[in-house]
Number of protein chains: 2
Amino acid sequence: MAQKIKLSTIAESLGLSTATISLALRDSPLVAVDTRERIKEQARTLGYIYNRRAASLRTSRSGIIGVVVHDIMNPFYGEILKAIESELDRSRHTFILSNHYDSVEKQRNFIETLLQLGGDGVIMSPAIGTPDEDVMLAEQNGMPAILVARSMEGLDLPTYRGDDAYGISLATNHLIGLGHRAIAFIGGTDQTSTGRDRYQGYVNALRKAGIEVDPDLRIQGPRTKQGGFEAAVNFLSLAQKPTAAVCWNDLVAIGLMNGIARAGLVPGHDISVTGYDDLEEASIATPSLTTVANGQTEVGRLAARALLDKLAGNHDPDGIHLIKPEMRIRQSTEPLNR
Amino acid sequence: MAQKIKLSTIAESLGLSTATISLALRDSPLVAVDTRERIKEQARTLGYIYNRRAASLRTSRSGIIGVVVHDIMNPFYGEILKAIESELDRSRHTFILSNHYDSVEKQRNFIETLLQLGGDGVIMSPAIGTPDEDVMLAEQNGMPAILVARSMEGLDLPTYRGDDAYGISLATNHLIGLGHRAIAFIGGTDQTSTGRDRYQGYVNALRKAGIEVDPDLRIQGPRTKQGGFEAAVNFLSLAQKPTAAVCWNDLVAIGLMNGIARAGLVPGHDISVTGYDDLEEASIATPSLTTVANGQTEVGRLAARALLDKLAGNHDPDGIHLIKPEMRIRQSTEPLNR
DNA sequence: CTGAAAGCGCTTACAG
DNA sequence: CTGAAAGCGCTTACAG
């Protein structure tokens, strides 16, 4: 490995000062066009690598944006991340990703690391139980935070997420419209804003239709395919014999349908199932899944844009921005025929 | 936001020098134990944030490790990443993740950014068509590279991946053992080492069993669930009426099974299907998927360990390390009954 | 056991 | 249009 090429190496080789080299490489109009070209050419020949740490130490801008969510392997977050990535790519920002797996400690470590690296901002879907201080730590050290998918009650931070209560009411109403009355609610937890909102949306829709809400028809917990699959056993042995299930998300719904099929019933036909999120996978499941499009691409795009705007010094309104969900009717729901 | 706390702030407040503070915070035995404690306590009270950029500018070690793969939303890579993450977490390294989507340019941008940030090393699953120079760029600038899942012919880099030819032969032999003769091969591409090896493993197994290899039974391309789903149409209209399919990976297999089911046939019973990778999802698919465990957790763990060892100055052997795959027999394959 | 001083590689007023 | 010099916040020999 040849010795390190730095600004001064280029400067000396060209008989110029480092100031001029620095300006030229960043395309400053302060340097004459042909000098600029000559410098860039030389930088290329020498294999110069820009040292961002040095630059950022001086400017206190790093070009790094942190993103931390529950689990990047969950396609719901995956789709949000993809949208963030493509938005950030465009503005030449580097993004650092992490899972917190709902561990407050892991999340705090991430925020601290990000601060140490001089991160410009952070987009996060806060872990269950995140104390306000952990987010304020970022803000107080000049690293603005944007929330996605989950809100935090106390703080007035820019937040982008779907309108969960409304979305779930769409799915529930769809089933009621098909004649179902015994409708279970499978998955999720009361520990997140999302969880509370979705269950509430289901409860409201039932009430509005004059259907009594039976707490035993709620199976809390499942949030993954595996979870939905395992919940099928409990679901099928419920005394109330529900004819339909509103699921926490597409993963739970697909898992549940697999579990129902394993038990010898035909999901969609024997039991109507709705999902939530409209993942890519929903349309190719068997049967294809009736679900609610949750706008994760929109969420990611808007959150990234909001952060970039804030960093650029443009003012953006704080508070919660709700994305309107939309119903996607497919084969996993059928009219009740009894 | 209060003014920035730095080493010198702590030093002044305590009447000590920055050198002592620096050493104390890194637990150096050069500083007396109670001085050390006093300093740490003060750092905590003041809300000191360690500036890694400054430190790394001085030490030329950043604690950053880059990881770039085809697509983190693909659970195959997801499982590798998870293993890398847990290994890196333990040693307090930060990892920066990126997809290259098989774009050589995106991959090169990533490597350059990583160099600019002073990355200590990079773990990569090289994009199709990666030129040697792009990887050498990293190596020559003191940033060692480790390959996962895919190899590169010309370079003698440490590489961790499954033994693809052997693994696919296990799946093919399993089907042959069940009496199948007309066995299709669905998905993948000849443009990656993995693709060539897997197809070759299939060809070898057929030949060894005295079965003629029919190139028309190969459907190239699909690598995702969506791809497998769409391939079902072509698969079912093949003139040779195959009774079984060896799929490129679990995603293609699951997609294909969904497509087969959509066409009114029963996957597993009417058509035997094997996957590859043994994703978490394989065991809960309907029918549960017969597949080959590809050791992605092992791959990620070993690759991370190898890099950390190298960074610690321990010598590690270059060259390709093949992880032995294992057969997982489930419900998606049945004896031929005609 | 602690301190003074140089230096990592940039950028930014400021001067000319 | 270009250059000299200070400084970002650390760490590391070196000296005492």
Side-chain angles (χ1 to χ4, degrees), chain A residues 2-40 42-43 46-64 112-113 115-120 141-142, chain B residues 2-40 42-43 46-64 112-113 115-120 141-142:
Chain A
Q3 67 173 74
K4 211 91 184 177
I5 310 297
K6 39 190 176 174
L7 281 194
S8 62
T9 322
I10 305 179
E12 283 163 23
S13 79
L14 250 34
L16 292 168
S17 76
T18 57
T20 305
I21 310 292
S22 171
L23 292 168
L25 291 179
R26 282 173 299 138
D27 258 329
S28 162
L30 291 177
V31 180
V33 176
D34 45 333
T35 317
R36 234 186 288 167
E37 280 316 314
R38 214 154 41 94
I39 290 173
K40 286 186 178 177
Q42 181 74 342
L46 293 177
Y48 171 68
I49 288 171
Y50 179 68
N51 188 327
R52 280 214 217 185
R53 291 168 290 177
S56 130
L57 184 56
R58 188 55 230 261
T59 62
S60 69
R61 265 293 192 105
S62 67
I64 292 176
E112 270 167 16
T113 301
L115 284 170
Q116 294 178 356
L117 292 170
D120 292 338
N141 285 283
Chain B
Q3 70 174 73
K4 211 91 185 178
I5 310 296
K6 40 191 176 174
L7 281 193
S8 63
T9 321
I10 305 179
E12 283 163 23
S13 79
L14 249 34
L16 292 167
S17 77
T18 59
T20 305
I21 310 293
S22 170
L23 291 169
L25 290 180
R26 282 172 300 139
D27 257 328
S28 163
L30 291 177
V31 180
V33 176
D34 47 333
T35 317
R36 236 188 286 168
E37 281 316 314
R38 213 155 41 92
I39 290 174
K40 285 186 179 179
Q42 180 75 343
L46 292 177
Y48 171 67
I49 287 171
Y50 178 68
N51 188 327
R52 279 217 217 184
R53 292 168 292 177
S56 129
L57 184 57
R58 189 55 232 260
T59 62
S60 68
R61 265 292 193 107
S62 66
I64 292 177
E112 271 168 14
T113 300
L115 284 170
Q116 294 179 358
L117 292 171
D120 292 339
N141 286 283

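Just the heavy atoms: all of them, side chains too, but no hydrogens, waters or symmetry mates, feed the values below.
- Both distances falling under 3.5 Å, in either a Watson-Crick or a G-U wobble arrangement, place D:dA15 opposite C:dT2.
- Nearest to the side chain of B:Y50, among C:dG9, C:dT2, D:dT11, sits D:dT11.
- Among the protein residues, A:S60 comes within range of no part of the nucleic acid, since none of its heavy atoms lies under 4.0 Å from any strand.
- At a threshold of 4.5 Å between non-hydrogen side-chain atoms, the residues A:K4 and A:I49 do not count as touching.
- Relative to the side chain of B:A19, the nucleotides C:dG3, D:dG9, D:dG7 differ in distance, and C:dG3 lies closest.
- Between B:S56 and the phosphate of D:dC10, there is no side-chain N or O to OP1/OP2 separation shorter than 4.0 Å.
- Each of C:dG9, D:dG3, D:dT12 was ranked by its minimum atom distance to the side chain of A:L57; first place goes to C:dG9.
- Of all nucleotides listed (C:dG3, C:dG7, C:dC10), C:dG3 comes nearest to the side chain of B:L16.
- At the heavy-atom level, B:G15 lies under 4.0 Å from the strands shown only through sugar-phosphate atoms.
- Closest approach of A:S62 to A:L117, counting heavy atoms only: CB-O, 3.9 Å.
- A:R26 has a side-chain polar atom (N or O) that falls below the 4.0 Å cut-off from OP1 or OP2 of C:dT11.
- Distances from the side chain of B:K6 to the nucleotides D:dC10, C:dT11, C:dG9 place D:dC10 closest.
- Atoms CZ and CZ, from A:R58 and B:R53 in turn, are 13.0 Å apart once rounded to the nearest 0.5 Å.
- Each of D:dT12, C:dG9, D:dG9 was ranked by its minimum atom distance to the side chain of A:A54; first place goes to C:dG9.
- Residue B:S22 places at least one side-chain N or O closer than 4.0 Å to OP1 or OP2 of D:dT11.
- At the phosphate of D:dG3, OP1 or OP2 sits under 4.0 Å from a side-chain N or O atom of A:S17.
- When distances are taken from the side chain of B:A55 to each of C:dG3, D:dT2, D:dT11, the shortest belongs to D:dT11.
- Remark: B:T59 is not in phosphate contact with D:dT12, judged by side-chain N or O atoms under 4.0 Å from OP1 or OP2.
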